[in-house]
Amino acid sequence: MTDGAPKEFDLAKLLAERGAERYELHSRHLNHQLPRMLRTIGFDKVYERAEGAYFWDAEGNDYLDMLAGFGVMGLGRHHPVVRKALHDVLDASLADLTRFDCQPLPGLLAEKLLAHSPHLDRVFFGNSGTEAVETALKFARYATGKPRILYCAHAFHGLTTGSLSVNGEAGFRDGFAPLLPDTAIALGDLAALERELKKGDVAGFVVEPIQGKGVHESPPGFLRAAQELLRRHKALLIADEVQTGLGRTGDFYAYQHEEGVEPDLLCVAKALSGGYVPVGATLGKDWIFKRVYSSMDRVLVHSASFGSNAQAMAAGLAVLSVMEDQEIVANARRSGDLLRERLTALIGRYELLHDVRGRGLMIGIEFGRPSSLKLRSRWTMLQAARKGLFAQMVVVPLLQKHRILTQVSGDHLEVIKLIPPLIVGEREVERFVAAFTSVMDDAHSGGGLMWDFGKTLVKQAVANR
């Protein structure tokens, strides 16, 4: 024990002294490939602050965020209502996480969520989207007494072992076997779904109404027809709305675009956090929860150490309050329709631009093989090195030249995914469309820095083989 008063922890001082080491610290102590990747594509920026849909660097330049932390920042960064709620809950000094009482905030947040999901009855709170999916998989297996889960090719449901077992992308699964013996079908393939259900061992079918990877929407009528098949075979429909839920697609949940669809289990996370405190939620029907928690002996058969913590619950309540008061879902629909309309109008103008799709503020921009000989030869060169390089060539100048942050929508895909904060409006739409038009003009000119950067990406791709 040292003499004198305890040393005060000064976060601002620590950041001032060590903040400039951020990339070196990651290289030494965390995932060393992350800073390497960021430097390769020119994304090794230093952002000083953020608010709403924007970042600022040390020189005061603003950057438009069209990524929203992979959808976490539904209300943008540092929303004042969520921020105040967190200050309030900390100042309240609640007796949180005693594990042997019933605090009011989890019940209040569950009540609010269920008001948007009237066919569901109960909620389990965890800490992330993958935990929400893990919960749904466990509950479906226990409630039905069957072992197998069906999922879709190219699906993404998380990276913990259970959710990885229903991940439709081999790149994430490779090297982590053995996984659970679950089965993939193609999105929209009702015949395959029925064929698997007839085997009698299927507990449920987990599906993203709109897949994050590539932004592929389930075909019209598919979810309703799948639900009917599942009920006939006493299996459950599990909707993964971790990314699509809470207004992202212009309705509160994406499955609501199709009339008559009522999932048995529903997973949400990301935007529910307000961008501050990790939280995930699994909503389900009463009979499922009562079967899992069938006696007092099973009261803790599924739980989470930090689940239902006061900070996460307060953030979630504040998020839902803002969404209702500020009509966030309607704004997502309106801004998304405008953005998709403006981008779709460019398809005939650029031969490299093949498709614009999605709903609300979840939009995929797909590139494809051009028709002109000069561009086709360059396209072929990129494809031979690594599929997905052209989309990366678009993402880089959007950031470097136009200060707009976007992402490629999955490995080996020529698709950019736009998932901005749900608060963006006409100003942000016009800024993105103008920047995107400029980048596409450069791409179709066949020269300039964009194609020079493409050569760098080709060399890097070849070196990584």
With a 4.5 Å cut-off on side-chain heavy atoms, are [Y] and [X] touching?
| X | Y | answer |
| --- | --- | --- |
| F125 | M313 | yes |
| E131 | T160 | no |
| L236 | L265 | yes |
| S27 | Q33 | no |
| L422 | N331 | no |
| L108 | L317 | yes |
| Y23 | H26 | no |
| L113 | L272 | yes |

Contact summary for [X] and [Y], nearest pair of heavy atoms:
| X | Y | result |
| --- | --- | --- |
| L361 | P420 | O-CD, 3.7 Å |
| M362 | I210 | CE-O, 3.8 Å |
| A155 | V166 | CB-O, 4.1 Å |
| I423 | L75 | CD1-O, 3.5 Å |
| C267 | A136 | SG-CB, 3.8 Å |
| P209 | D240 | CD-O, 3.6 Å |

Is [X] salt-bridged to [Y], cutoff N-O under 4.0 Å?
| X | Y | result |
| --- | --- | --- |
| R386 | D411 | yes |
| D121 | K285 | no |
| E259 | R224 | no |
| R342 | D337 | no |
| K112 | E324 | yes |
| R77 | D65 | yes |
| R248 | E241 | no |

Sequence neighbours excluded, which residues qualify as side chain to side chain donor-acceptor pair (under 3.5 Å) partners of E217?
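Once residues adjacent in sequence are excluded, the partners of E217 under the side chain to side chain donor-acceptor pair (under 3.5 Å) criterion are R359.
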Would the distance check show the side chain of [X] and the main-chain N or O of [Y] forming a donor-acceptor pair, the cut-off being under 3.5 Å?
| X | Y | result |
| --- | --- | --- |
| S321 | A318 | no |
| S335 | V424 | yes |
| T282 | T135 | no |
| R357 | G214 | yes |
| H257 | T249 | yes |

Please determine, by modelled atom types, if [X] and [Y] share a side-chain donor-acceptor pair under 3.5 angstrom.
| X | Y | answer |
| --- | --- | --- |
| S117 | Y253 | yes |
| Y293 | H302 | no |
| D441 | S438 | no |

Looking at H402 versus F436, is the centre-to-centre ring distance below 6.0 Å?
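No - the distance between ring centres of H402 and F436 does not fall below the 6.0 Å cut-off.
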Using the ring centroid of each side chain, check whether F367 and H354 are separated by less than 6.0 Å.
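When the ring centroids of F367 and H354 are compared, they turn out to be at least 6.0 Å apart.
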Return the [atom1] to [atom2] distance between [X] and [Y], rounded to the nearest 0.5 Å.
| X | Y | atom1 | atom2 | result |
| --- | --- | --- | --- | --- |
| L339 | I365 | CG | CD1 | 7.0 Å |
| I404 | L67 | CD1 | CG | 12.5 Å |
| I419 | T406 | CD1 | OG1 | 10.5 Å |

Please output the side-chain donor-acceptor pairs of residues 42-56 that fall under 3.5 Å, not counting sequence neighbours, one pair per line with the distance.
{"unit_1": "K45", "atom_1": "NZ", "unit_2": "Q400", "atom_2": "OE1", "d": "3.1"}
{"unit_1": "Y54", "atom_1": "OH", "unit_2": "R427", "atom_2": "NH2", "d": "3.3"}
{"unit_1": "Y54", "atom_1": "OH", "unit_2": "E428", "atom_2": "OE2", "d": "2.8"}

Candidate pair D57 and R403, rule salt bridge (Lys or Arg N to Asp or Glu O under 4.0 Å), full reasoning
CA-CA 10 Å; D57 62 22; R403 303 197 309 276; over 6 Å; no
Show every donor-acceptor pair shorter than 3.5 Å between a side-chain atom in residues 80-93 and any protein atom, with sequence neighbours excluded, or say none if there are none.
{"unit_1": "K84", "atom_1": "NZ", "unit_2": "D88", "atom_2": "OD2", "d": "2.7"}

Return yes when atom CD of E24 has more than 12 non-hydrogen atoms of other residues, nucleotides or ligands closer than 6.0 Å, and no otherwise.
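More than 12 within 6.0 Å, yes.
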Would the number of heavy atoms belonging to other residues, nucleotides or ligands and lying under 6.0 Å from NE2 of H116 be above 12?
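Enclosed.
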Does the plane of the ring in F205 sit parallel, tilted or perpendicular to the ring in F222? Use 30° and 60° as the thresholds.
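Correct class here is perpendicular.
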Describe, in one word, how the ring planes of H119 and Y255 are oriented to each other, choosing from parallel (under 30°), tilted (30 to 60°) and perpendicular (over 60°).
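Plane angle over 60°, so perpendicular.
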After noting the C-alpha distance and the side-chain angles of F289 and F139, does the key distance pass the ring pair (Phe, Tyr, Trp, His ring centres under 6.0 Å) rule?
CA-CA 8 Å; F289 273 68; F139 281 28; 5.1 Å; yes
Run the salt bridge (Lys or Arg N to Asp or Glu O under 4.0 Å) check on E414 and K387 step by step: do they pass?
CA-CA 7 Å; E414 296 291 2; K387 188 176 181 181; over 6 Å; no
